[in-house]
2 protein chains.
Amino acid sequence: MLMKSGPESARKPRPVGPRREEILAAALKLFGEHGMHAVTTRQIAAAVGISQPSLYAFFPNRQALEAEVCTRAFEELTSRITAGLAALKRGNSGICKLGRIYVDFGLENPDAYRLAFMVEKPDPVSIVSGGEDPILAAGLKAFHLLREAVGLTVGSGLRPQELEFLAQSQWAALHGLVSLLLARPNFPWRKRNRLIEFHISRVFA
Amino acid sequence: MLMKSGPESARKPRPVGPRREEILAAALKLFGEHGMHAVTTRQIAAAVGISQPSLYAFFPNRQALEAEVCTRAFEELTSRITAGLAALKRGNSGICKLGRIYVDFGLENPDAYRLAFMVEKPDPVSIVSGGEDPILAAGLKAFHLLREAVGLTVGSGLRPQELEFLAQSQWAALHGLVSLLLARPNFPWRKRNRLIEFHISRVFA
DNA sequence: ACGAATAACCTATCATCGATAGCCTATCTT
DNA sequence: AAGATAGGCTATCGATGATAGGTTATTCGT
């Protein structure tokens, strides 16, 4: 069933190069415009200027393409948080600032954020393939940075287990606001900026 | 473009009766077993014992069937929260219990919850048509009950505007946990039950 | 009681989707 | 120049949601 993953056993080549990047860029754009599962492989191919079956020379299937776009979205988030964490370590800002970075990232990159956290169906590959899910790995990295920041802020008065609870809870709370603002922009929200400030200050209170 | 919605202008009849209920019940069961978008109309029809095109005598399309299943799920949530709110008014329980009801519902009805609050791309129809999305409406009703409960709990020491801030923030926090647990079940979460308790107690602290 | 209306269902068929099979062509290496 | 290979093509598949049009059976007015 499962294919051996030796160096020459890949039935489908995974070339690297500009073409592949073009495809990923086009897919990201289309996913963002119309929603991931509303975009067909034919649309992606047309956007790049190749035929639909040609996609399968670069990606074994549609899921793999989606997964890679998602992974890159996470990497972008990770780099932002890394920068925020560095500022926090230098004492230039507090944890609330980091929360604000997180929320702002989600609102400024709705496509990437949606792909990262608002997937309709969790990737089944991540279960079958034995935990080698690159998307999950990328997400974990971003979360670990956030947890590190929380750990720095609350000091050493907390056991690691409790820190984990706290970090997961705070992450969920932040995500909730981003997620709802993105999913239901028409809801009669309070003034967005003030709501965000209010929420963040409560989350890290 | 838009069809006139007079009493006789419906192109597809929407009969009521036991058959229609059978279909909804079968769909609910299948959606729960395999996930909503992994179930085909042919499977639903087979479960009821009719042909696939026969479904379209009862529902104009697949989305309408999904929407009705989800709307009914949210009516269940509303009734649960209503009961919880009544208990709270009688002083039999606290607001945390209501939070728990909300979270539990989301986890037990992932498809309905996803459809209401985790849409990838908000349905443009629901914007144009003036917010007639029945699923969203059902979800909002639940929120309003929650807000009422928050108002009761914090007492009258809060201006309505501040209550709105608080309720929206708390709702977002609750939603965040539900949303992440649904979207990323493979994430190394702390023990689910304890995480939920921890999170809720923090949200309403 | 009888014929028409209608509810409920069928088969046959479509267009579209993701995916596969098999062939062609330009470029690069030796 | 010959061969290998990256990259692409057309043709086609099975599955899916949806439509068209005909058929049966129950209900209902006369």
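Reminder, nothing fancy here: chain letters follow the sequence lines and each chain counts from 1.
We find that CD of Gln63(A) is positioned 13 Å from C1' of dA19(C), with the value rounded to whole Å. To the nearest angstrom, C1' of dA25(D) lies 16 Å from CD1 of Ile50(B). Between the CZ atom of Arg42(B) and the C1' atom of dG17(D) there is a distance of 7 Å, given to the nearest Å. When the P atom of dG17(D) is taken as reference, atom CZ of Phe59(B) falls 15 Å away, rounded to whole Å. Rounding to whole angstrom units, OH of residue Tyr56(B) and P of dA18(D) are separated by 4 Å. The distance from atom NE2 of His37(B) to atom P of dC17(C) is 17 Å, rounded to the nearest whole Å. Residue Glu21(B) contributes atom CD, which lies 13 Å from atom P of dA8(C) at whole-angstrom precision. Residue Gln52(A) contributes atom CD, which lies 12 Å from atom P of dT10(D) at whole-angstrom precision.
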Intermediate values then yes/no, ring-ring contact (aromatic ring centres under 6.0 Å, His included), His175(B) and Tyr113(B): CA-CA 10 Å; His175(B) 162 76; Tyr113(B) 194 86; 5.6 Å; yes
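The aromatic rings of Trp171(B) and Trp189(A) lie parallel to each other, with less than 30° between the two planes, well short of the 60° mark. Using cut-offs of 30° and 60° on the angle between ring planes, the pair Phe143(A) and Phe187(B) is perpendicular.
Listed nucleotides dG7(D), dC9(D), dT11(C) differ in distance to Phe58(A); the shortest reach to its side chain belongs to dG7(D). Ranking dA20(D), dG18(C), dT16(D) by closeness to the Pro53(B) side chain, first place goes to dA20(D). Side chain of Ser51(B), nearest nucleotide from dC10(C), dG17(D), dA11(D): dC10(C). The Asn61(B) side chain lies nearest to dA18(D) when the options are dG17(D), dA18(D), dC17(C).
The nearest pair of heavy atoms linking Ala149(B) to Leu85(B) is CB-CD1, 3.6 Å. Here the closest non-hydrogen pair linking Thr40(B) and Gln43(B) is N-OE1, 2.9 Å.
Projected onto DNA chain D by closest heavy-atom contact, Arg62(B) and Ser54(A) fall at different nucleotides, the more 5' of which corresponds to Ser54(A).
Using a 4.0 Å heavy-atom cutoff across all strands shown, Val48(A) reaches no nucleic acid atom at all.
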